[in-house]
Number of protein chains: 2
Amino acid sequence: MKQQEVFKAMADPTRRAILKRLQGGPLTAGEIGEAFDITPASLSHHFAVLKHADLVRTERRGQYIVYSLNSTVFEDLARMLMDLFPTKGKVGGK
Amino acid sequence: MKQQEVFKAMADPTRRAILKRLQGGPLTAGEIGEAFDITPASLSHHFAVLKHADLVRTERRGQYIVYSLNSTVFEDLARMLMDLFPTKGKVGGK
DNA sequence: TAGATACTTAGATATTTTTCTAAATATTGC
DNA sequence: GCAATATTTAGAAAAATATCTAAGTATCTA
């Protein structure tokens with residue numbers, strides 16, 4: 001996991017909103033864009049950042065490009081966070 | 001939890017390193033600073049960001065200021081992340 | 001193949017963030 | 001109170017990021 005890329009990607013509210021929209025399942029770039037008051041070009045930039053962080057996957061379907069969440073990286077990130085703060089309870093993890 | 005502030009705080013590698021240093025227990029600003037090749041003023045800015053996100057707590061002890069982690073917010077953040085990606089298993093979540 | 005639709009890339013500008021230097025505040029010990 | 005130490009605040013410069021317009025690529029339909 002490229003930690004820096006992931007955190008940077010998550011730092012922008014628009015990108016978090018994009019991820020949120022994808023919770024319901026895969027969507028095309030256009031469908032995602034409907035919810036935002038931003039040009040397709042800017043959206044595309046955000047997609048690129050999310051993709052670079054490996055937070056989303058893409059698949060071309062005809063003239064559309066379908067985006068979907070990559071849950072694996074979220075899990076890694078959550079794990080990393082759990083790791084970052086000291087354990088208060090009794091259980092194992094250093 | 002101020003989600004935006006927390007993510008923004010986590011997005012900088014220096015700030016993540018500061019948090020990491022604090023895993024071992026509270027430290028003064030100066031002690032933290034030893035590990036970084038950066039001016040005290042810049043460090044202080046990073047502290048302010050971390051504090052604003054409520055990721056660290058401070059306490060003045062004489063002429064020193066002691067920083068410590070606020071684990072609560074980390075837990076909130078981890079929870080939030082778990083929440084952000086769709087449940088794969090059968091259990092409950094939305 | 002031409003025209004329409006969906007999306008990305010390039011390049012410019014505006015905003016935000018990081019960092020620095022210099023100066024200010026707080027506390028200690030004489 | 002004064003000098004020394006620890007840290008923060010203010011203000012400026014440099015670097016990174018978000019956004020836009022215009023132009024490019026890919027695919028579909030006729």
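This is a predicted model, so every value here is computed, not measured. In what follows, every chain begins at residue 1, and chains take the letters A, B, ... in the order their sequences are listed.
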What contact category does [X] fall into here, base, sugar-phosphate, or nothing, at under 4.0 angstrom with non-hydrogen atoms?
| X | answer |
| --- | --- |
| B:Arg61 | nothing |
| B:Ala29 | sugar-phosphate |
| B:His46 | sugar-phosphate |
| A:Ile38 | sugar-phosphate |
| A:Tyr67 | sugar-phosphate |

What is the separation between atom [atom1] on [X] and atom [atom2] on [N], rounded to the nearest whole Å?
| X | N | atom1 | atom2 | result |
| --- | --- | --- | --- | --- |
| A:Gln63 | D:dT29 | CD | P | 7 Å |
| B:Glu34 | D:dT7 | CD | C1' | 14 Å |
| B:Arg60 | D:dT5 | CZ | P | 16 Å |
| A:Phe36 | D:dA18 | CZ | P | 14 Å |
| A:Asp37 | D:dA18 | CG | C1' | 14 Å |
| B:Asp12 | D:dA15 | CG | C1' | 13 Å |

Quick one: are [X] and [Y] in side-chain contact, heavy atoms under 4.5 Å?
| X | Y | result |
| --- | --- | --- |
| B:Met10 | B:Leu55 | yes |
| A:Asp76 | A:Val6 | no |
| A:Glu31 | A:Thr28 | yes |
| B:Asp54 | B:Met1 | no |

Problem - Rounded to 10 degrees, the angle between the two terminal axes of the helix from C:dT1-D:dA30 to C:dC30-D:dG1, each from five pairs - result: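 Nearest ten degrees gives 20° for this helix.
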Handout entry: Residue closer to the 5' end of DNA chain D, A:Ser42 versus A:Gly62 (nearest nucleotide)
Key =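 Checking each residue's closest nucleotide, the 5'-ward one belongs to A:Ser42.
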Exercise for the section: Between B:His45 and A:Leu43, just flag the one whose closest nucleotide in DNA chain D comes earlier from the 5' side. Expected result: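 It is B:His45 whose nearest nucleotide is closer to the 5' end.
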If hydrophobic clusters are built by linking Ile, Leu, Val, Met, Phe, Trp and Tyr wherever their side-chain heavy atoms come under 4.5 Å apart, do [X] and [Y] end up in the same one?
| X | Y | value |
| --- | --- | --- |
| B:Phe7 | A:Val49 | no |
| A:Val66 | A:Leu22 | no |
| A:Tyr64 | A:Leu27 | no |
| A:Met80 | A:Leu19 | yes |

Handout entry: Contact boundaries on DNA chain C for chain A, cut-off under 4.0 Å to non-hydrogen atoms
Key =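 The contacted stretch runs from C:dT5 to C:dT9.
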Practice task
Kindly say if A:Arg15 contacts the phosphate of D:dA18, meaning a side-chain N or O under 4.0 Å from OP1 or OP2.
Solution key: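 Looking at the OP1 and OP2 atoms of D:dA18, one of them is under 4.0 Å from a side-chain N or O of A:Arg15.
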Practice task
Could you tell me which residues satisfy ring-ring contact (aromatic ring centres under 6.0 Å, His included) with A:Phe47, sequence neighbours excluded, listed by chain and number?
Solution key: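 With neighbours one apart ignored, the set is A:Tyr67.
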